[in-house]
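These notes are about the structure you will find just below.
Counting starts at 1 for both ligands and their atoms, in listed order. Please read these numbers as outputs of a predicted model, since none were measured by experiment.
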Amino acid sequence: MQLLNGKEASEVIKKKLTVKTEVLQKQNFPVPHLAAILIGHNGPSETYVASKIKNCAEAGFQSSLIRFEESLSEEDLLQQIAVLNKSDNVDGILVQLPLPAHISEHKVINAISPEKDVDGFHPVNQGYLTQGSPVFIPATPYGIILMLEHYNISTKGKHAVIIGRSNIVGRPISILLSSNRPYGNATVTVCHSHTSNMKELTLQADIIVAALGKPGFITADMIKEGAVVIDVGITRVEDATAKKGFRIKGDVNFDEVASKTSWITPVPGGVGLMTIAALLTNTMNAYLMRNGLTEDIFSA
Ligand code: GUN
């Protein structure tokens with residue numbers, strides 16, 4: 001068993017982005033700017049957004065955190081998005097999900113300009129992804145692809161079983177892994193809450209992506225010897241012995257599964273860190289596209 005180390009892989013990607021930002025600064029260009037909107041006081045959302053902002057700073061990016069109380073109206077949120085869409089010095093916009101129940105996620109996602117949609121959630125960007133020419137790939141699936149690339153794990157001709165069909169993870173990673181592209185060309189099975197023969201399918205999998213949000217769901221008896229196991233779960237599980245009163249648990253029972261795998265992601269320290277590296281990569285790409293620049297600028 002070998003560890004797919006998200007810290008190691010994400011640091012390499014972040015370092016490359018930092019060098020690019022330095023090149024931009026030396027040429028007196030502005031740096032990429034990510035604007036994040038956070039509504040209310042959801043614990044995990046606060047943690048994720050704080051991490052996104054911190055990582056922007058580490059890569060030399062500008063960032064803005066725009067916070068609102070839970071009582072914010074949908075209209076006011078749409079108005080704030082319109083301002084950011086128009087702002088010439090904002091390259092990427094993200095609205096942290098989940099939203100309060102009175103705000104339509106659909107309307108909010110659709111309101112973000114596709115050129116600044118660094119989450120890749122807008123229907124235009126989902127359409128490009130489905131067509132096989134993605135512009136912004138959602139951060140978690142993109143992070144998984146970057147992880148496979150970093151460790152040079154081929155997916156071509158492999159059977160990948162995805163557990164979960166969300167718009168944020170399961171659906172887009174199933175499209176990417178089955179597409180005719182690097183780190184694609186796999187045969188993909190998508191499992192979900194109505195799948196009746198889950199174990200039968202996971203036992204056939206060369207690659208498993210677990211993205212269902214049920215701690216410890218994947219057990220050793222569900223895994224083929226030598227499988228690659230990617231755990232997207234990040235559930236807070238109460239634990240009085242932990243400093244914060246909870247521990248982060250993945251969807252995979254790591255302790256019993258790890259020895260059967262060829263590669264496995266830990267939680268924490270796996271996919272979570274890669275999603276941030278992917279978001280920063282999308283923000284750099286949004287910056288380049290909006291400014292009519294290409295990667296050539298970095299080799300000039
Ligand atoms: N909530 C959980 N994951 C994500 C994500 O990737 N982007 C946003 N905006 N919200 C999330």
Side-chain angles (χ1 to χ4, degrees), residues 6 10 13 33-56 61 63-68 70 72 74 77-78 80-81 84-85 90-101 103-114 116-126 129 134-147 164-173 175-176 209-214 230-236 248-251 267-268 270-283 285-286:
S10 67
I13 294 162
H33 180 183
L34 175 71
I37 299 180
L38 176 60
I39 302 151
H41 299 276
N42 175 294
S45 290
E46 298 246 11
T47 309
Y48 301 148
V49 172
S51 179
K52 290 171 186 180
I53 298 291
K54 177 170 161 270
N55 277 274
C56 274
F61 290 15
S63 66
S64 303
L65 172 56
I66 303 161
R67 297 201 61 144
F68 293 106
E70 186 97 17
L72 175 76
E74 183 180 275
L77 176 56
L78 295 174
Q80 177 64 62
I81 292 170
L84 295 173
N85 282 341
V90 170
D91 299 296
I93 303 170
L94 78 81
V95 180
Q96 188 65 26
L97 305 177
L99 296 171
I103 299 179
S104 156
E105 193 176 293
H106 179 74
K107 275 194 201 164
V108 167
I109 287 171
N110 284 23
I112 296 170
S113 167
K116 298 190 179 188
D117 170 39
V118 287
D119 262 328
F121 294 164
H122 191 284
V124 165
N125 286 317
Q126 288 194 345
L129 180 79
V135 178
F136 299 117
I137 301 173
T140 305
Y142 193 15
I144 294 170
I145 298 291
L146 291 171
M147 177 86 102
R165 55 178 164 180
S166 71
N167 286 335
I168 294 184
V169 188
R171 184 74 61 207
I173 193 67
I175 294 168
L176 288 161
V209 179
L212 71 160
K214 286 198 179 157
I230 296 168
D231 189 350
V232 181
I234 32 166
T235 308
R236 289 184 174 192
I248 301 292
K249 292 276 181 203
D251 290 344
V267 175
V271 173
L273 297 170
M274 297 305 295
T275 66
I276 307 261
L279 174 69
L280 296 182
T281 304
N282 279 344
T283 305
N285 289 339

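Not one N or O on the side chain of S51 forms a donor-acceptor pair closer than 3.5 Å with the backbone of T47.
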I230 vs M147, test: side-chain contact (heavy atoms from CB on, under 4.5 Å). Steps then yes/no. CA-CA 10 Å; I230 296 168; M147 177 86 102; 6.0 Å; no
Going through the distances and angles, do S45 and L38 end up as a side-chain contact (heavy atoms from CB on, under 4.5 Å)? CA-CA 8 Å; S45 290; L38 176 60; 3.9 Å; yes
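Which parts of ligand 1 touch V95 is read off a 4.0 Å heavy-atom cut-off, strictly below it: atoms 8 (C), 9 (N).
The closest approach between a heavy atom of Y48 and any atom of ligand 1 is not below 4.0 Å. Within the structure, the closest approach of T140 to ligand 1 does not fall below 4.0 Å when heavy atoms are considered.
In this model, a donor atom of one side chain and an acceptor atom of the other lie less than 3.5 Å apart for H41 and E46.
Here the rule is side-chain contact (heavy atoms from CB on, under 4.5 Å) with I37, and of L99, L84, V49, L65 only L84 fits it. Tested against F121, the residues V108, L94, L97, N110 include a single side-chain contact (heavy atoms from CB on, under 4.5 Å) partner, L97.
Here's the thing with F121: none of its N/O atoms is less than 3.5 angstrom from an N/O atom of ligand 1.
Considering only non-hydrogen atoms, atom 7 (N) of ligand 1 lies nearest to D119 out of V169, D119, I234. The closest heavy-atom contact to atom 10 (N) of ligand 1, among the options V49, I93, D117, L97, comes from L97.
Atom 4 (C) of ligand 1 has as its closest protein heavy atom Q96 NE2, 4.1 Å.
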